[in-house]
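These notes are about the structure you will find just below.
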Protein chains: 2
Amino acid sequence: MQPSSEFVPGKKLPAGYLESQLASRSVRITRQRRIVLKVIEDAERHLNAEAILERARAMQDGASVDRVTVYRTLGLLKKHGLVDELDLLHLRGEGHYYEPRPRRQHLHMGCLGCGQVTEFESPLFEKMKEQIARECDFDVSFARVEIGGYCASCRKGKA
Amino acid sequence: MQPSSEFVPGKKLPAGYLESQLASRSVRITRQRRIVLKVIEDAERHLNAEAILERARAMQDGASVDRVTVYRTLGLLKKHGLVDELDLLHLRGEGHYYEPRPRRQHLHMGCLGCGQVTEFESPLFEKMKEQIARECDFDVSFARVEIGGYCASCRKGKA
DNA sequence: TTAAGTGCAAATATTTTGCTGTCAC
DNA sequence: GTGACAGCAAAATATTTGCACTTAA
């Protein structure tokens, strides 16, 4: 069984989710932030700051968006625990990639051959977190799993 | 049960392990590389490039070590799969932290309160990797787990 | 001997900060 | 109206590259 093709970060999010989350925390919603939030929610793959900036500028609801504003908005979302910052095994460079947090936790598999990142949800992952909480007396807020290896097509290509 | 205090990256490595691994792959061993490898093996906690450089220079077996040489040696080790590059949830900055790879795989827990990083080994983690290999037809080379949350002392401090 | 490695300087990539003018509420 | 925000420029941080000299095998 193949994993579910390419990751679709925002597919289960209600429209305007991030914006309403921020608004409910009395965070001011500016035109620029609205654009950046929408870009992150609508992303069909993990985006880094550069990609978010490009898409925000392409969107152009009338407002321009500066690179610094992207970083500051990402910082805001991180502070409120609304996005996860991922490294995806540095398969695509040294920067960070972002995805909205409130989804069910999942792990990322990065193929060292083709660079494709796919996702997987596992009940064992949940159990593992419970075990850690219990045995280590550690209050788990979030968990990231990044797995490196080779996908089926790359293995076949090599053989 | 508390986790095993601070992580001790090199404690189970035979002395000169990295050097012999590289030598067996016909990689040239220079004075500088020997120093850097020893620093990584002997580390009692995760080190970043800066910390490796400092320790290498403090060691001073007669040879000086340049920052660039540290990065190039780390690149070499990564290429040969002999170290893992970690981000430790960016709890201590944007850079990377390194640990020798050949040890049993484990996960990292970072406390969002005090920043301490501890380790944990879990059979569930091994099972999870097996499940992924089976269900996703993915050949797992390595896996990283980073968990954020609050350790017991920080929770008590807050209460 | 000589291909590979080192150090220095400079470049690149990514992210943060200071400051001034602007806008959401 | 005002405190928070945006944009620009510059700084800070982390890492890589070009090139002449040095060294391990």
Side-chain angles (χ1 to χ4, degrees), chain A residues 16 18-20 22-40 46-54 56-57 59-80 83 85-98, chain B residues 16 18-20 22-37 39 46-54 56-57 59-80 83 85-98:
Chain A
L18 293 175
E19 181 174 332
S20 65
L22 285 180
S24 74
R25 294 157 202 240
S26 306
V27 170
R28 189 171 297 185
I29 303 300
T30 63
R31 282 179 300 162
Q32 288 86 347
R33 282 186 181 165
R34 207 185 304 276
I35 293 172
V36 171
L37 298 178
K38 181 158 172 45
V39 167
I40 294 170
H46 296 104
L47 302 178
N48 59 13
E50 175 69 29
I52 292 170
L53 179 66
E54 278 169 22
R57 285 182 168 165
M59 195 168 297
Q60 281 297 72
D61 285 16
S64 71
V65 178
D66 190 82
R67 182 180 304 273
V68 174
T69 297
V70 170
Y71 279 109
R72 284 200 270 233
T73 303
L74 286 170
L76 189 69
L77 290 168
K78 280 192 278 181
K79 196 178 75 180
H80 287 276
V83 294
E85 186 177 60
L86 307 170
D87 301 277
L88 300 183
L89 302 172
H90 306 298
L91 256 35
R92 305 181 188 185
E94 292 304 314
H96 303 139
Y97 293 82
Y98 299 88
Chain B
L18 293 176
E19 181 174 331
S20 64
L22 285 181
S24 73
R25 295 160 203 237
S26 308
V27 170
R28 189 172 295 185
I29 303 300
T30 63
R31 282 180 299 164
Q32 288 85 348
R33 283 185 182 167
R34 207 184 304 275
I35 293 171
V36 171
L37 298 178
V39 167
H46 295 105
L47 302 178
N48 60 12
E50 175 69 28
I52 292 170
L53 178 67
E54 278 170 21
R57 285 183 166 163
M59 195 169 296
Q60 282 295 72
D61 286 15
S64 71
V65 178
D66 190 82
R67 183 180 303 274
V68 174
T69 297
V70 170
Y71 279 110
R72 285 199 271 233
T73 303
L74 286 170
L76 188 69
L77 290 168
K78 279 192 278 180
K79 196 178 75 180
H80 287 276
V83 294
E85 187 177 61
L86 307 169
D87 302 277
L88 300 182
L89 301 172
H90 306 297
L91 255 37
R92 304 181 187 183
E94 292 305 312
H96 304 139
Y97 293 83
Y98 299 88

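Below, chains carry the letters A, B, ... as their sequence lines are ordered, and counting in each starts from 1. All heavy atoms count here, side chains included; hydrogens, waters and symmetry mates do not.
Across the helix from C:dT1-D:dA25 to C:dC25-D:dG1, the helix axis at one end is tilted relative to the axis at the other end by 50° (nearest 10 degrees, each axis from five pairs).
For B:Glu50, the side-chain hydrogen bond (donor to acceptor under 3.5 Å, both in side chains) test picks out B:Arg67, with sequence neighbours left out. Residues that satisfy the side chain to side chain contact (heavy atoms under 4.5 Å, CB included) test with A:Leu91, not counting sequence neighbours, are A:Leu89, A:Leu112. Checked against side-chain hydrogen bond (donor to acceptor under 3.5 Å, both in side chains), A:Arg34 has the following partners two or more places apart in sequence or in another chain: A:Glu19. For B:His80, there are no ring-ring contact (aromatic ring centres under 6.0 Å, His included) partners at least two apart in sequence or on another chain. A:Lys79 pairs by the side-chain hydrogen bond (donor to acceptor under 3.5 Å, both in side chains) definition with nothing, not counting sequence neighbours. Residues meeting the side-chain hydrogen bond (donor to acceptor under 3.5 Å, both in side chains) test with A:Glu85, sequence neighbours left out: A:Lys78, A:His96, A:Tyr98.
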Exercise for review: Begin with the C-alpha distance, continue with both residues' side-chain angles, and end with the deciding distance and a verdict on side-chain contact (heavy atoms from CB on, under 4.5 Å) for A:Ile40 and A:Leu74.
Suggested key: CA-CA 10 Å; A:Ile40 294 170; A:Leu74 286 170; 3.8 Å; yes
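Heavy-atom nearest nucleotides on DNA chain D were determined for A:Arg67 and for B:Glu50, and the one closer to the 5' end corresponds to A:Arg67.
You can see that DNA chain D meets the heavy atoms of chain B within a 4.0 Å-exclusive cut from D:dA14 to D:dA25, reading 5' to 3'.
As judged by a 4.0 angstrom heavy-atom cut-off over every strand, A:Arg33 is placed among residues touching the sugar-phosphate backbone only.
A heavy atom closer than 4.0 Å to some atom of DNA chain C occurs in A:Val68, A:Tyr71, A:Arg72, these being the qualifying members of residues 68-76 of chain A.
In this structure, NE2 of B:His90 is placed 9 Å from P of C:dT15, rounded to the nearest angstrom.
Side-chain N or O atoms of A:Arg57 include none that pairs as donor or acceptor with a backbone N or O of A:Ser64 at under 3.5 Å.
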Under-3.5 Å N/O pairs linking protein and nucleotides 21-25 of chain C:
| unit_1 | atom_1 | unit_2 | atom_2 | d |
| --- | --- | --- | --- | --- |
| C:dA24 | O3' | A:Ile29 | O | 3.3 |
| C:dA24 | N3 | A:Arg28 | NH1 | 3.4 |
| C:dC25 | OP1 | A:Ile29 | N | 3.2 |

